[in-house]
Trainee: 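First the structure, which I've put down as structure tokens, then a few questions once you've had a look.
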Amino acid sequence: MDVMGDKATLFETGRFVQPSGQDQAGEAAEDAAEEMRRRLAAEAGDVEAMSVLGAMLLRRGDFDGAEPHLRAATAAGDRAAANNLGVLLHQRGYAEDAAGWWRIAAVAGSAAAAHALGRYHRERGDEPAAEYWLRQSAEQGHALGAYALADLLEHRGDAGAERWMRSAAERGHREAAYRLARALDRRAPHEGHEGRQERAGETGGDNGVAATDEAEQWYRQAAARGHRRGALHLGAILERRGELKEAGRWYLTSAKDGEARAACALGFLLRDAGDTESAAVWWLRAAQDGDGNAANALGALHAERGEQQTAERWYRAAMDAGDDNGAYNLGLLCVAQGRTAQAEQWYRRAAYAGHREAANALAILLLQGGDTAGAEPWFSKAAEAGSVDAAFNLGILFAGRGEESAALRWYERAAAAGHTEAALQVGIARLRDGDEREAERHLRCAAGRGSAEAAYRLATVLDARRPPEPEHELGESVHEKSECEEWYERAASQGHRRAQVRVGMLAAARGDVVEAARWYREAAEAGSRNGAFNLGLLLAREGSEPEAAVWWKRAADAGHGRAALRLALVYARRGELAEGQRWADRAVSLGPGEVAERAARLRDALRQELSA
């Protein structure tokens, strides 16, 4: 409750700086002199002096000394004295008597007394009376009255709450500034976890951005007045915006005031900056204050260092703090150590608590153990809770059973949430169904997110649409790289063997033998039999038949019929008829049909030559 005077208000909030040393002694002497002047004036009948002296003694805790002066001033009609007398009686435990004096002061126009009377009625459940007196206080510009009225209205879901919260915030009430910021922040559009903002015009436009900007201003005001959670949220906004230095300063301010979440966030900021040791110090501080996220971070740090027992201890601390990630991380730790039974136990604990990735991990563990029936419900639970990986895994599960339509539904769901492999599977399914337009859309998504297979398949779709190459005059430069070639090259550069072969073929078609050989060799060395065969053809045309034979042999050994036929011809020309016949036999068995026919004729000719 308020007592009269600015210094009294500062005393109540505890936000003025206590003097020290000589300054403190000087102030004490001044206060003593002021008290003496007020006492002499009060004894002479000065009502204002009685009121001020009573407030001074009340602030000091001298209730017995303050009460007669306050009663005398109140009897003379001083409303501030009536309010402070109510404060004194309330602190002594005489709440009803206090309310009587507050009523007298409030009727006389004391905003502080109206606020105190409103709080008195609210504590007793009389909300209509509370609202009446708090509104009286708020309408007189009293910050505490405006805040208390806003709190009452917000509790009832009244839309007018924000007006009074704003009024209190504008008058410097730090909790009001914080709560107003929270309300604006919740109203603004966000993206991703931790509330990342959408760009203006996408989901909510300028109004959402304006709300977020205003929220930041109020967080800043609350933080500047020492509100530790205001400093935490301001730091989070600045971090999302990339202003890491200032974000770190506010996190540090909040953490030093005892906000564990800020200490944890500061730890992550330091870790990202490469200062793991300092990060661990703040995580430790936050974890010791009960922050489960910080305990998990410490567990992960020790796990990376190979300190498994310490990691497990911190994961357990996180779990004890109510963070389900603790049990999930314990499961991951046990899997890494080959302790499958214990991993299942921890995954189950987290999954039953609603941890969707734990449910997905549990399903995978059960599936690996052959328990498909047990895995499916957990995949479903995780997918329904929003796990993209679980949705994809359900697609795989249904596809394995031949339930293509059910598989496609889950693939589409995962793809819509950004899962690259799911988008690839949807693209393949749409190609199979003949829906080339939808297939291209999904393949582009997957290829754009880095899938080499999607890039290759997208290139083949685009390649099939290309018109025949026009004829050009000799010496005219005709080649301009098409989009399909760009996708082939992207897939090839990611190690996709068929794409490498295709890029080599395109290079060979435009006469770039060196480039063609490079891509054929890369594919061949990665195990592509077509790459090895084509490299052999290129080398043979360049007059390097012995080296060509080496690559054809590699291709033939991998099951390439044409390579086996080429080897048969090479050995036949060398006069090594038996070896030629052996490779011709191999070509007949490998095919395809046309190759098998030619290889059979060659084999028969070589057999006749050998038997002659």
Trainee: Is the backbone N or O of A130 less than 3.5 Å from a side-chain atom of R122, with the two atoms forming a donor-acceptor pair by type?
Mentor: no
Trainee: Decide yes or no for R103 and W133: does some side-chain heavy atom of the first lie under 4.5 Å from some side-chain heavy atom of the second?
Mentor: yes
Trainee: Does L362 reach the side chain of L366, with side-chain heavy atoms less than 4.5 Å apart?
Mentor: yes
Trainee: For the backbone of G141 and the side chain of R171, can you confirm whether one donor and one acceptor N or O come within less than 3.5 Å of each other?
Mentor: yes
Trainee: Could you tell me whether a side-chain N or O of S278 sits under 3.5 Å from a main-chain N or O of D275, the two making a donor and an acceptor?
Mentor: no
Trainee: Is R285 salt-bridged to E259, cutoff N-O under 4.0 Å?
Mentor: no
Trainee: Got a donor-acceptor contact below 3.5 angstrom from the Q140 side chain to the Q136 backbone?
Mentor: yes
Trainee: Between the side chain of E312 and the main-chain N/O of L330, is any donor-acceptor distance below 3.5 Å?
Mentor: no
Trainee: Does H173 reach the side chain of R179, with side-chain heavy atoms less than 4.5 Å apart?
Mentor: no
Trainee: Would you please test E170 and R166 for salt bridge (Lys or Arg N to Asp or Glu O under 4.0 Å) and show each step?
Mentor: CA-CA 6 Å; E170 287 170 348; R166 188 180 296 277; 5.1 Å; no
Trainee: Is a side-chain donor or acceptor of R79 paired with a backbone partner of A108 at a separation under 3.5 angstrom?
Mentor: yes
Trainee: By the ring-ring contact (aromatic ring centres under 6.0 Å, His included) test, which pairs, at least two apart or in different chains, include something from residues 233-274?
Mentor: Y178-H233, Y219-H233, F268-W283
Trainee: Check step by step if salt bridge (Lys or Arg N to Asp or Glu O under 4.0 Å) holds for E246 and R241.
Mentor: CA-CA 11 Å; E246 189 181 358; R241 206 160 61 211; 5.7 Å; no
Trainee: Of all the heavy-atom pairs spanning A446 and A454, show the shortest one and how long it is.
Mentor: CB-CB, 3.5 Å
Trainee: Could you please spell out the steps behind the side-chain hydrogen bond (donor to acceptor under 3.5 Å, both in side chains) verdict for D78 and S51?
Mentor: CA-CA 7 Å; D78 189 291; S51 180; 3.2 Å; yes
Trainee: If you compare all heavy atoms of A280 against all heavy atoms of L301, which two are closest, and at what distance to 0.1 Å?
Mentor: CB-CD2, 3.7 Å
Trainee: Compute whether any side-chain donor of one residue and acceptor of the other, for N296 and N329, lie under 3.5 angstrom apart.
Mentor: yes
Trainee: Going by heavy atoms in the side chains, are L238 and R220 under 4.5 Å from each other?
Mentor: yes
Trainee: Is any side-chain heavy atom of N325 less than 4.5 Å from a side-chain heavy atom of Y315?
Mentor: no
Trainee: Scan L89, V87, D97, V107 and name whichever one has a side-chain contact (heavy atoms from CB on, under 4.5 Å) with W102.
Mentor: V87
Trainee: Measuring from atom CG of L332 to atom CD of Q337, what distance do you get when rounded to the nearest 0.5 angstrom?
Mentor: 11.0 Å
Trainee: When rounded to the nearest 0.5 angstrom, what is the spacing between CD in Q217 and CG in L234?
Mentor: 11.0 Å
Trainee: Would a 4.5 Å heavy-atom cut-off, applied to side chains only, mark E34 and M56 as touching?
Mentor: yes
Trainee: For the side chain of S387 and the backbone of E357, is there at least one donor-acceptor N/O pair under 3.5 Å apart?
Mentor: no
Trainee: Rounded to the nearest 0.5 Å, how far does CG of D389 lie from CZ of F379?
Mentor: 9.5 Å
Trainee: For a 4.5 angstrom cut-off between non-hydrogen side-chain atoms, does V335 reach T340?
Mentor: no
Trainee: Do D62 and L58 come within less than 4.5 Å of each other through their side chains, counting heavy atoms only?
Mentor: no
Trainee: Between R356 (side chain) and A385 (backbone), is there a donor-acceptor pair under 3.5 Å?
Mentor: yes
Trainee: What's the verdict on side chain to side chain contact (heavy atoms under 4.5 Å, CB included) for R261 and R229, showing C-alpha distance, side-chain angles and the deciding distance?
Mentor: CA-CA 9 Å; R261 290 175 296 169; R229 283 173 294 164; 3.5 Å; yes
Trainee: Within a radius of less than 6.0 Å around CH2 of W218, do more than 12 heavy atoms belonging to other residues, nucleotides or ligands occur?
Mentor: yes
Trainee: For the atom pair OH (Y132) and CG (L117), what is the distance rounded to the nearest 0.5 Å?
Mentor: 10.0 Å
Trainee: Counting only heavy atoms from other residues, nucleotides and ligands, does the tally under 6.0 Å from CZ of F63 exceed 12?
Mentor: yes
Trainee: If I take atom CD from residue E421 and atom CZ from residue R449, how far apart are they, to the nearest 0.5 angstrom?
Mentor: 11.0 Å
Trainee: Say whether, by atom type as modelled, one donor and one acceptor occur between the side chain of R174 and the main chain of G226 under 3.5 angstrom.
Mentor: yes
Trainee: To the nearest 0.5 Å, tell me how far L424 CG sits from C445 SG.
Mentor: 11.5 Å
Trainee: Please give me the minimum heavy-atom distance between A415 and A422, naming the atom from each residue.
Mentor: N-CB, 3.6 Å
Trainee: Under 6.0 Å from the CZ atom of R349, do we count more than 12 heavy atoms belonging to anything else shown?
Mentor: no
Trainee: Determine whether Y352 and W378 satisfy the following criterion, ring-ring contact (aromatic ring centres under 6.0 Å, His included), listing intermediate values before the conclusion.
Mentor: CA-CA 10 Å; Y352 277 122; W378 286 111; 5.2 Å; yes
